[in-house]
> 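Take a look at the following structure, please.
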Amino acid sequence: MKFFRAVRGVNSFQMAMLAIFAVLTAGAFGDSFTVLRAPRYVTFKEGQWPISGERIPDLVALTLGFSVKEDLAWPGLRVGSLFRRPRANALLVVRGVDQLPLPKSGTSYPVENAVPFTLDSVANTIHSLFPEDYPIVLQLAPIEEGVYMGGKANAVFEELPVTLRQIRSRLSQNNSVLDVLPPNSLNRNSEVVQLFFSELQVLQDIVALLSQHKHLASEHSPDLYSLELSSLEAMEKSYGQDSQQFKEASQILASMLQKFADDVFSIYNSSAVVELVTVKKFDTPLVRKTRSILESKQISNPGSPYNLAYKYNFNYAVVFNIILWMMIILVLAVILISYNLWNMDPGYDSIIYRMTNQKIRVD
């Protein structure tokens, strides 16, 4: 009986340790935010501080030196120099995997509440602060299969394929990404594999175009790149996470992303921040809202089918105080001027009566 009790106690202890290990493993291998490359004056501290998915656009804005509406109480980013800011920020989002086997170890943080997000607020800030410059604002999303470009980037990135048909045609040309990939077991006739190669081709073409037009990287205004890749998510659904195809695709994508980060960092003369967000699955089932090439018509209150009021604007208090005190000052000024005019002596105070009331000149 003592032997069975001892065995039962050992089994209970092992089960408890396995449960604790499972919890720690789930926290360590969850969705992550990794800094691939960053200049010396943009410092990310080592630590396991979680970052909310909806605050990632604010984090990108802070790395570029912009202010945000709500303070970001996240200790991972140190306050940098006010006189040195990076000239570009490239955010890479990979769906379908929580971790990638990167060849270089970068500073990584867990991501909680992984919801779909866009960098539209950062792009609007760049265009509003630098209206006379021509910054590059390039956003690629897998849903609309389009690229939004602004300023001088329009003429340069016209050669960039933006649809699956154009990218597949590009893969059959010379100097495509298929020429530099190592031999693997991926079936190139599969649609899922072709989507994977298409995303790799876009990464290669972006770097090639920037290398040919390096003058764009020397502009005064900062540039913004937002690329979302979803081919691994499709490969997981087709082959499974434990398949050889998925593992090889993860290895290839990790090496290509690191090469993309190194190339962009080199083109901008070590003045660019490149981040990677790996998300297994977004928490919300809503469709990601993205920018397209064509300008969409703005509606008065989007996303409110119940005729609700507008969201609170942080500039409301400032505008209200300006209008209130200006009206009070104008009303007081009108009252004082009216009082003085009413009690004015025309014969003494008015210059009009003084000039017309001259004495008759006697010869």
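Sequential numbering from 1 along the given sequence is applied to the chain's residues. Predicted model, so just to flag it, every value in this text is computed and none were measured.
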> Can you list the other members of the hydrophobic cluster that holds Val331, where links are side-chain heavy atoms under 4.5 angstrom apart?
Ile335
> Could you tell me the separation between the OG1 atom of Thr125 and the CZ atom of Phe130, rounded to the nearest 0.5 Å?
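Taking OG1 in Thr125 and CZ in Phe130, the distance rounds to 10.5 Å.
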> For a quick test of reading the model, state the closest non-hydrogen atom pair linking Asp58 to Arg55 and the distance between them.
OD2-NE, 2.6 Å
> Search all heavy atoms of Val274 against all heavy atoms of Ala261 and return the closest pair with its distance.
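Where Val274 meets Ala261 most closely, the heavy atoms are CG1-CB, 3.6 Å.
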> So, Asn187 side chain and Asn189 main chain: donor-acceptor pair closer than 3.5 Å or not?
yes
> Under 4.5 Å between side-chain heavy atoms, counting indirect links through other Ile/Leu/Val/Met/Phe/Trp/Tyr residues: same cluster for Leu36 and Val202 or not?
yes
> Is it the case that Asp120 and Gln139 place a side-chain donor and acceptor less than 3.5 Å from each other?
yes
> State yes or no: do Leu330 and Ile322 share one hydrophobic cluster built from I, L, V, M, F, W and Y residues joined by side-chain heavy-atom distances below 4.5 Å, directly or via other members?
yes
> Would you call Tyr109 and Leu59 a side-chain contact if the rule is heavy atoms closer than 4.5 Å?
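The answer is no, as the side chains (C-beta and beyond) never meet within the 4.5 Å cut-off.
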> Is Glu199 reaching over with its side chain to a backbone N or O of Ser231, donor-acceptor style, under 3.5 angstrom?
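Yes; judged by distance alone, with no hydrogens or angles, the pair exists.
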> Roughly how far apart are Ser238 OG and Glu233 CD, rounded to 0.5 Å?
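Output value for this atom pair is 11.0 Å.
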> Once salt bridge (Lys or Arg N to Asp or Glu O under 4.0 Å) is applied, what residue pairs with a partner in residues 254-270 remain, sequence neighbours excluded?
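The answer is Arg37-Asp262, Lys104-Asp262, Lys259-Asp263.
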> Atom NZ of residue position Lys45 - does it have more than 12 heavy atoms of other residues, nucleotides or ligands inside 6.0 Å?
yes
> Looking at side-chain heavy atoms only, is the closest gap between Ser128 and Asn124 below 4.5 Å?
no
> Parallel, tilted or perpendicular for Phe33 and Trp74, by the 30°/60° rule?
perpendicular
> What heavy-atom pair brings Leu178 and Leu171 nearest, and what distance separates the two atoms?
CD1-O, 3.9 Å
> Report the C-alpha separation of Arg87 and Asp223 in whole Å, then their side-chain angles, then the decisive distance to 0.1 Å, and conclude whether the side chain to side chain contact (heavy atoms under 4.5 Å, CB included) test is met.
CA-CA 6 Å; Arg87 296 204 303 265; Asp223 299 332; over 6 Å; no
> Between Leu195 and Ala234, what is the shortest heavy-atom contact and its length?
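Closest approach of Leu195 to Ala234: CD2-CB, 4.4 Å.
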> Angle between ring planes, Tyr268 versus Tyr225, binned at 30° and 60°: parallel, tilted or perpendicular?
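Taking Tyr225 first and then Tyr268, their aromatic rings stand perpendicular (interplane angle over 60°).
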> Take Thr34 and Leu100, measure what side chain to side chain contact (heavy atoms under 4.5 Å, CB included) needs, and give me the verdict at the end.
CA-CA 10 Å; Thr34 306; Leu100 282 176; over 6 Å; no
> So Val68 and Leu62, do their side chains get closer than 4.5 Å, heavy atoms only?
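Answer yes - side chains close enough.
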> Quick check: is Leu232 connected to Leu227 through a chain of hydrophobic side chains (ILVMFWY, heavy atoms under 4.5 Å apart)?
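They do share one cluster, since a chain of ILVMFWY contacts under 4.5 Å joins Leu227 to Leu232.
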> State the OG-CD distance between Ser198 and Glu191, to the nearest 0.5 angstrom.
11.0 Å
> Check whether any side-chain heavy atom of Phe44 lies under 4.5 Å from a side-chain heavy atom of Val42, and answer yes or no.
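Side chain of Phe44 against side chain of Val42, heavy atoms only: contact under 4.5 Å found.
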> Answer yes or no: is there a side-chain heavy-atom contact under 4.5 Å between Val192 and Lys237?
no
> Judged by atom type as modelled, is there a donor-acceptor pair below 3.5 Å linking the side chain of Ser32 to the main-chain atoms of Ser108?
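Side chain of Ser32 to backbone of Ser108: no pair is present.
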> Taking all heavy atoms of Phe260 and all of Ala90, pick out the closest pair and write down the distance.
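The pair with the smallest heavy-atom distance is CE2-CB, 4.5 Å.
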> Treat each ILVMFWY residue as a node, draw an edge where side-chain heavy atoms are under 4.5 Å apart, and state whether Leu181 and Tyr239 are in one component.
yes
> I'd like to check Leu119 versus Asn89 (side-chain heavy atoms, cut-off strictly below 4.5 Å). Are they in contact?
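Leu119 vs Asn89: side chains apart.
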> Assess whether side chain to side chain contact (heavy atoms under 4.5 Å, CB included) is satisfied between Leu102 and Leu276, documenting all intermediate values.
CA-CA 11 Å; Leu102 297 171; Leu276 171 64; 4.1 Å; yes
> Roughly how far, to the nearest 0.5 Å, is the OG atom of Ser52 from the CZ atom of Phe117?
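It is 10.5 Å, given to the nearest 0.5 Å.
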> Which distance, rounded to the nearest 0.5 Å, do you find between the CD of Glu228 and the CG of Leu91?
9.5 Å
> Kindly check if the number of other-residue, nucleotide or ligand heavy atoms within 6.0 Å of CD (Gln212) is above 12?
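Atom CD in Gln212 is packed in, count exceeds 12.
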> Linking I/L/V/M/F/W/Y whenever any side-chain heavy atoms sit under 4.5 Å apart, do Val94 and Leu203 land together?
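Same cluster: Val94 reaches Leu203 through Ile, Leu, Val, Met, Phe, Trp or Tyr contacts under 4.5 Å.
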> Should we say atom CG of Asp179 is surrounded by more than 12 heavy atoms from elsewhere, each under 6.0 Å from it?
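Yes.
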> Are any side-chain N or O atoms of Asp31 and backbone N or O atoms of Lys280, one a donor and one an acceptor, separated by less than 3.5 Å?
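Such a contact is found between Asp31 side chain and Lys280 backbone.
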> Counting C-beta onward and ignoring hydrogens, is there a side-chain heavy-atom pair between Leu224 and Val60 closer than 4.5 Å?
yes
> Could you walk me through whether Glu248 and Gln251 pass the side chain to side chain contact (heavy atoms under 4.5 Å, CB included) test, one step at a time?
CA-CA 5 Å; Glu248 288 188 5; Gln251 291 281 352; 5.7 Å; no
> Is there side-chain contact between Lys281 and Glu236, with at least one heavy-atom pair below 4.5 Å?
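A side-chain contact is absent here, since even the closest heavy-atom pair is not under 4.5 Å.
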> Is the backbone of Asp98 close enough, under 3.5 Å, to the side chain of Thr278 for a donor and an acceptor to pair up by distance?
yes
> Rounded to the nearest 0.5 Å, what separation is found between the OG1 atom of Thr107 and the CG atom of Leu77?
11.0 Å
> Where do Ala249 and Met235 come nearest, in terms of heavy atoms and distance?
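In terms of heavy atoms, the two residues are closest at CB-SD, 3.6 Å.
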